[in-house]
K.L.:
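After the structure tokens below, expect a handful of questions from me.
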Amino acid sequence: MTKDWLTHPWLEKFLPDHLRPVDDHIFSDAHGLVLVQDTEAALDRLIHHGKQVKSAQTFKKNGKTFHFRLKINQKRMKLLSYETPKSEAAIKKRIIIEYLRKTHLSKKRPNRFKEATVQYIKNGQTFVRSIQKSRYFEGLFYKFELLDDALLGGLIEKTSANPTASSLPDSMEDKELIQSSEEPYPYIRELEEFLANHYDKLGKLIENRLKRLLEETERTGNVYELLDIEEKYTLKRLLQRDVPSLIKTYLSLSSDLKTAQTEQLYETLTKMEVNIRTIREKAEHTKVEKMEQLLKLYEKRYPGKQNKNMFD
């Protein structure tokens, strides 16, 4: 099999910056993985609510540490996704992807990505690197195909020409994550089992924090039916992907790096717990409001004098 000549290491130094492949370490840490996952999640929501685009539209998502922009017209989709100055990532990254749509070019075109780069500053120097060959973006690129078809009125059929499930595990997991209405307890048990096998390598501080996070997800499971689609997605993503990815990445570090990252890992797990607690408390408040509304409704529906001697 002939290898793409652009991938030969000895040619890399002659390539322009935007064609040089990005180093794995830029996206292999916890912050890099979260940026990719948050970008995928934003695309997933658009896929789920896809509709025909008859004119130019811009979709935005602004968070404290993450911003997302997707401009869509009949010819192309252009994505800008980046970490804000409030992000704790040591290397702030900006992802830029330009996708040429099927309405504009032949559906048989093998590569629809006119641009797929990441910009970042490292050691005071600005870098632009290609993400087209990065394994971290396989699922995200596939989501552009799904979104294009969703916007045109129907998701693409699974054919031999499509990427296989084994080559795109993240995209398949995301699809299940959105469409499944199953309660989160199986995912909680699965995560508990995963963590139990690694507690001895994590230390008591992180172990206790993880157990508190699991307890909070368990309590949130009790009000799961009251959560909206995005809240259910957040909970399942945390259980199935975010926590396992974070812990696996942490365990892959050297002893010195583990020591340096322990405090940040603790803080991240704390933020996860606070986020899930906020979701639970909101759902519990909704339950109380519903009870009060029912009491008021039934007061009007069943008027009558109270029997003072009913307990005599």
Side-chain angles (χ1 to χ4, degrees), residues 30-46 48-49 59-69 81-89 173-174 176-192 194-195 202 205-247 249-250 261-294:
H31 294 292
L33 292 171
V34 167
L35 176 60
V36 175
Q37 290 169 359
D38 284 346
T39 304
E40 288 188 10
L43 290 175
D44 273 325
R45 282 189 283 276
L46 294 176
H48 188 63
H49 301 288
F59 299 92
K60 301 178 183 179
K61 179 177 175 59
N62 295 329
K64 183 179 178 181
T65 61
F66 166 75
H67 281 191
F68 171 92
R69 300 282 186 281
S81 177
Y82 60 94
E83 293 157 323
T84 71
K86 292 184 178 180
S87 168
E88 295 177 354
E173 287 173 8
D174 284 337
E176 292 169 3
L177 216 58
I178 287 177
Q179 293 180 350
S180 172
S181 60
E182 188 179 356
E183 290 185 343
Y185 297 114
Y187 309 120
I188 296 174
R189 302 287 88 82
E190 188 177 337
L191 181 58
E192 281 178 334
F194 166 77
L195 293 174
L202 292 168
L205 184 70
I206 300 302
E207 178 182 345
N208 291 338
R209 177 50 59 191
L210 283 165
K211 286 180 177 178
R212 288 187 61 176
L213 175 59
L214 284 170
E215 288 170 4
E216 190 57 59
T217 60
E218 190 90 31
R219 285 192 287 267
T220 305
N222 295 330
V223 290
Y224 184 74
E225 73 281 357
L226 297 174
L227 307 186
D228 61 29
I229 291 174
E230 188 166 346
E231 289 167 340
K232 288 178 180 178
Y233 178 89
T234 297
L235 179 60
K236 287 186 178 181
R237 185 182 66 181
L238 179 139
L239 292 167
Q240 289 185 276
R241 292 176 50 188
D242 291 354
V243 173
S245 294
L246 189 59
I247 298 305
T249 304
Y250 176 76
Q261 294 291 327
T262 297
E263 184 178 349
Q264 212 165 4
L265 173 60
Y266 185 91
E267 290 177 0
T268 299
L269 292 172
T270 301
K271 290 175 183 176
M272 287 178 170
E273 182 186 339
V274 169
N275 185 267
I276 297 302
R277 185 186 304 130
T278 301
I279 290 173
R280 173 179 60 80
E281 288 175 348
K282 177 189 168 187
E284 289 175 345
H285 181 68
T286 301
K287 189 182 284 189
V288 171
E289 284 186 335
K290 183 177 179 182
M291 182 65 184
E292 290 174 349
Q293 289 170 359
L294 287 173

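Only a predicted model underlies this, so the values are computations on that prediction, with no experimental measurement involved.
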K.L.:
To check you understand the geometry: which heavy-atom pair defines the closest contact between Thr249 and Ala30, and what is its length?
P.N.:
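So the minimum-distance heavy-atom pair works out to CG2-N, 4.1 Å.
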K.L.:
Can you tell me how far apart CD1 (Ile279) and CG (Leu227) are? Round to the nearest 0.5 Å.
P.N.:
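If we round to the nearest 0.5 Å, Ile279:CD1 and Leu227:CG are 6.5 Å apart.
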K.L.:
Does the side chain of Asn222 reach to within under 4.5 Å of the side chain of Tyr185, using non-hydrogen atoms?
P.N.:
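The answer is yes, as the side chains (C-beta and beyond) meet within the 4.5 Å cut-off.
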K.L.:
Do Leu191 and Leu195 have side chains that get closer than 4.5 Å, going by heavy atoms?
P.N.:
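Side chain of Leu191 against side chain of Leu195, heavy atoms only: contact under 4.5 Å found.
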K.L.:
Can you tell me how far the CG atom of Leu269 sits from the CG atom of Leu210, to the nearest 0.5 Å?
P.N.:
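Interatomic distance, Leu269 CG to Leu210 CG, rounded to 0.5 Å: 5.0 Å.
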K.L.:
Verify the distance criterion only: is there a donor paired with an acceptor across the side chains of Lys271 and Tyr266 at less than 3.5 Å?
P.N.:
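Looking only at side-chain atoms, Tyr266 and Lys271 do not form any donor-acceptor pair under 3.5 Å.
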K.L.:
Taking all heavy atoms of Ser81 and all of Thr39, pick out the closest pair and write down the distance.
P.N.:
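What the structure gives for the nearest pair is OG-OG1, 2.7 Å.
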K.L.:
For Glu289, does the CD atom have more than 12 heavy-atom neighbours from other residues, nucleotides or ligands under 6.0 Å away?
P.N.:
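Check passes, neighbour count above 12.
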K.L.:
Under the side-chain contact (heavy atoms from CB on, under 4.5 Å) rule, what do Asp44 and Tyr233 come out as? Steps first, then yes or no, please.
P.N.:
CA-CA 10 Å; Asp44 273 325; Tyr233 178 89; 3.7 Å; yes
K.L.:
Checking side-chain contact (heavy atoms from CB on, under 4.5 Å) for the pair Arg69/Asn62: CA distance, chi angles, key distance, verdict?
P.N.:
CA-CA 9 Å; Arg69 300 282 186 281; Asn62 295 329; 2.6 Å; yes
K.L.:
Apply the test side-chain contact (heavy atoms from CB on, under 4.5 Å) to residues Leu246 and Leu33: give CA-CA distance (whole Å), side-chain angles for both, the deciding distance (0.1 Å), then the verdict.
P.N.:
CA-CA 8 Å; Leu246 189 59; Leu33 292 171; over 6 Å; no
K.L.:
Between Lys60 and Phe68, is NZ or CZ placed under 6.0 angstrom from the six-membered ring centre and within 45° of the ring axis?
P.N.:
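The answer is no, since Lys60 fails at least one limit relative to Phe68.
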K.L.:
Of all heavy-atom pairs between Val223 and Lys287, which one has the smallest distance, and what is that distance?
P.N.:
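The answer is CG1-NZ, 3.7 Å.
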K.L.:
Classify the side-chain pair His285/Glu281 by whether it contains a donor and acceptor separated by less than 3.5 Å.
P.N.:
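Side chains of His285 and Glu281: no pair found under 3.5 Å.
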K.L.:
Does the side chain of Pro184 reach to within under 4.5 Å of the side chain of Lys232, using non-hydrogen atoms?
P.N.:
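A side-chain contact is absent here, since even the closest heavy-atom pair is not under 4.5 Å.
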K.L.:
With sequence neighbours excluded, what pairs up with Thr262 under the side-chain contact (heavy atoms from CB on, under 4.5 Å) test?
P.N.:
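If we apply the side-chain contact (heavy atoms from CB on, under 4.5 Å) test to Thr262, skipping adjacent residues, the hits are Leu205, Ile206, Tyr250.
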K.L.:
Ignoring hydrogens, what is the shortest heavy-atom contact between Lys64 and Lys86? Give both atom names and the distance.
P.N.:
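Minimum heavy-atom separation between Lys64 and Lys86: O-CB, 3.6 Å.
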K.L.:
If every non-hydrogen atom of Leu226 is compared with every non-hydrogen atom of Ala283, which pair is closest and at what distance?
P.N.:
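Looking at all heavy atoms of both residues, the closest pair is CD1-O, 3.5 Å.
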K.L.:
I'd like to know if Glu40 pairs up with Arg241 as an ion pair, taking the criterion as any Lys NZ or Arg NE/NH1/NH2 lying under 4.0 Å from an Asp or Glu carboxylate oxygen.
P.N.:
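Yes, this pair counts.
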K.L.:
Just jot down the salt bridge (Lys or Arg N to Asp or Glu O under 4.0 Å) partners of Arg219, sequence neighbours excluded, or say none.
P.N.:
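Partners of Arg219 under the salt bridge (Lys or Arg N to Asp or Glu O under 4.0 Å) test: Glu216.
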K.L.:
Between OG of Ser245 and CD of Gln240, what distance do you get to the nearest 0.5 Å?
P.N.:
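One finds 11.0 Å between OG of Ser245 and CD of Gln240.
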K.L.:
What residues form a side-chain contact (heavy atoms from CB on, under 4.5 Å) with Glu192, not counting sequence neighbours?
P.N.:
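Glu192 satisfies side-chain contact (heavy atoms from CB on, under 4.5 Å) with Ile188, Arg189, Leu214, Glu218 only.
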K.L.:
So, for Glu83 and His31, which heavy atoms are closest and what is the spacing to 0.1 Å?
P.N.:
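That would be OE2-O, 3.6 Å.
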K.L.:
Quick check: do Phe59 and Leu46 have side-chain heavy atoms less than 4.5 Å from each other?
P.N.:
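The answer is yes, as the side chains (C-beta and beyond) meet within the 4.5 Å cut-off.
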K.L.:
Any side-chain heavy atom of Leu213 within less than 4.5 Å of one from Arg277?
P.N.:
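Counting from C-beta outward, Leu213 and Arg277 never come under 4.5 Å.
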K.L.:
Kindly indicate, with the supporting measurements, whether the criterion salt bridge (charged side-chain N to carboxylate O under 4.0 Å, His left out) is fulfilled by Glu215 and Lys211.
P.N.:
CA-CA 6 Å; Glu215 288 170 4; Lys211 286 180 177 178; over 6 Å; no
K.L.:
Roughly how far apart are Ile276 CD1 and Glu231 CD, rounded to 0.5 Å?
P.N.:
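Answer rounded to 0.5 Å: 9.5 Å.
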K.L.:
Do we see a donor-acceptor contact under 3.5 Å between the side chains of Arg280 and Asn275?
P.N.:
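On atom types as modelled, these side chains do not qualify, holding no pair under 3.5 Å.
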K.L.:
Let me confirm one number: the OG1-CD distance from Thr220 to Glu273, rounded to the nearest 0.5 Å.
P.N.:
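The distance works out to 9.5 Å.
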K.L.:
Go through it in stages, so that I can follow the logic: the residues are Leu235 and Tyr187, the test is side-chain contact (heavy atoms from CB on, under 4.5 Å), and I'd like the CA-CA distance, side-chain angles, deciding distance and then a yes or no.
P.N.:
CA-CA 10 Å; Leu235 179 60; Tyr187 309 120; over 6 Å; no
K.L.:
Apply salt bridge (charged side-chain N to carboxylate O under 4.0 Å, His left out) to the pair Lys236 and Asp242, showing each step before the final yes or no.
P.N.:
CA-CA 9 Å; Lys236 287 186 178 181; Asp242 291 354; over 6 Å; no
